[in-house]
Amino acid sequence: DQSTATRHWWVEPLFASPHLARLEALDLETLELTADDIGGLVARDLPRLRELVLRWNGLRSPGATALANAPGLRNLE
């Protein structure tokens, strides 16, 4: 929806950034992200990422499934 796209204009550039691969932790708490928003994140190979905080978002089952099946996020603790 348009309001979500406008509100989350920064999601795609963030998840496409080459600097993301350097992070060991990423806190995205309370940003109202959806399963569609995190598509760019689950498509990345982020072997250094150990902690990913997504509390209080709207990921629901599709988002949780995408995260659990993302091979690039295999080192999350």
**Q.** Arg55 backbone acceptor or donor facing Asn57 side chain under 3.5 Å
**A.**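 Between the backbone of Arg55 and the side chain of Asn57 there is a qualifying donor-acceptor contact (under 3.5 Å).
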Q) Backbone N or O of Ser17 within a donor-acceptor pair of the Arg44 side chain at under 3.5 Å? A) yes
Nearest 0.5 angstrom please: [X] [atom1] to [Y] [atom2], how far?
X     : Y     : atom1 : atom2 : value
Asp27 : Glu51 : CG    : CD    : 7.5 Å
Leu46 : Leu52 : CG    : CG    : 9.0 Å
Leu59 : Asp37 : CG    : CG    : 8.5 Å
Leu49 : Leu76 : CG    : CG    : 5.0 Å
Leu28 : Leu41 : CG    : CG    : 7.0 Å
Leu54 : Leu26 : CG    : CG    : 7.5 Å

Joint cluster assignment, [X] & [Y], ILVMFWY side-chain distance < 4.5 Å:
X     : Y     : value
Trp9  : Ile38 : yes
Leu23 : Phe15 : yes
Leu67 : Trp56 : no

Q) Who are the side chain to side chain contact (heavy atoms under 4.5 Å, CB included) partners of Arg74, not counting sequence neighbours? A)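 In terms of side chain to side chain contact (heavy atoms under 4.5 Å, CB included), with neighbours along the sequence ignored, Arg74 is linked to Asp45, Pro47.
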Q.
Once side chain to side chain contact (heavy atoms under 4.5 Å, CB included) is applied, do any residues pair with Ala66, and if so which ones, sequence neighbours excluded?
A.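 In terms of side chain to side chain contact (heavy atoms under 4.5 Å, CB included), with neighbours along the sequence ignored, Ala66 is linked to Val42.
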Q) Are Arg50 and Glu24 within salt-bridge range, i.e. N to O under 4.0 Å? A)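 Looking at Arg50 and Glu24, the cut-off is not met.
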